[in-house]
Protein chains: 2
Amino acid sequence: MGSSYVLVIADVSSRPEDAEEFGQALEALAGACRDEPGCLSYNVFRSTDRPERFVSIEKYADSAAFTAHRESAHFREIGLGRVMPLAVDRDVQMYTSGAPIPPAPNPRRAE
Amino acid sequence: MGSSYVLVIADVSSRPEDAEEFGQALEALAGACRDEPGCLSYNVFRSTDRPERFVSIEKYADSAAFTAHRESAHFREIGLGRVMPLAVDRDVQMYTSGAPIPPAPNPRRAE
């Protein structure tokens with residue numbers, strides 16, 4: 001994706017005993033956020049070695065779209081109401097548009 | 001994390017029938033990369049709605065550290081030798097240091 005966007009990486013963890021409920025709340029938030037007009041993509045991923053750790057990888061058209069996201073009713077209700085109360089670790093970072101990295105030459109595949 | 005670093009997000013998918021082997025190869029690559037002197041962190045996450053989709057979230061001290069990563073023997077052997085042959089979708093993007101986003105006010109938690 002080479003065009004301009006804002007990337008948000010939300011790296012969040014719950015207590016191990018809350019991991020399933022935490023993941024369900026993150027999925028519910030993702031579903032609501034995907035309907036925001038300024039949300040380009042919103043996907044939830046789960047750590048392969050710490051099941052209580054998840055990252056949401058969120059792309060917004062611009063910073064105004066991210067502001068609208070944070071001010072939305074679903075962010076308040078699901079994000080603040082269901083996700084945050086279960087979060088014990090939280091690291092959310094914003095990045096501006098990335099630079100694509102092409103595949104390295106691969107002797108086993110024709111690129 | 002407020003200090004300077006290079007973030008790499010590798011969003012990769014295999015065929016569904018290769019997902020377990022693909023995830024194991026990504027984990028093996030992560031383990032080797034964490035030992036690179038210039039690798040600040042390297043974590044693998046799996047999509048919660050498409051089990052054959054994984055993201056590696058990689059932080060490097062600087063672009064030279066990322067170059068060293070791409071030129072390493074373990075990247076060639078595991079990344080090119082085991083991961084790439086199973087990858088059917090690949091989107092790798094590089095970002096420079098992020099801006100931390102503080103928690104929104106949360107009526108249900110004392111921040």
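First the proteins, then the strands, lettered A, B, ... as listed; each starts at 1.
Within the 3.5 Å criterion, the main-chain N or O of A:F45 finds no donor-acceptor partner in the side chain of B:S47.
Note on A:R34 versus B:D49: salt bridge recorded, some NZ/NE/NH1/NH2 to OD/OE distance being below 4.0 Å.
Note that CD1 of A:I101 and CZ of B:R70 are 6.0 Å apart. Values are rounded to the nearest 0.5 Å.
Classified by interplanar angle (parallel below 30°, tilted 30° to 60°, perpendicular above 60°), the ring pair A:Y95/B:Y5 is perpendicular.
In terms of non-hydrogen atom pairs under 4.5 Å with chain A, the most contact-rich of B:I9, B:V92, B:V8 is B:V92.
Heavy atoms of B:L26 lying under 4.5 Å from chain A are absent altogether.
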Check against side-chain contact (heavy atoms from CB on, under 4.5 Å), A:R53 and B:N43: CA-CA 11 Å; A:R53 181 181 183 183; B:N43 292 288; 3.5 Å; yes
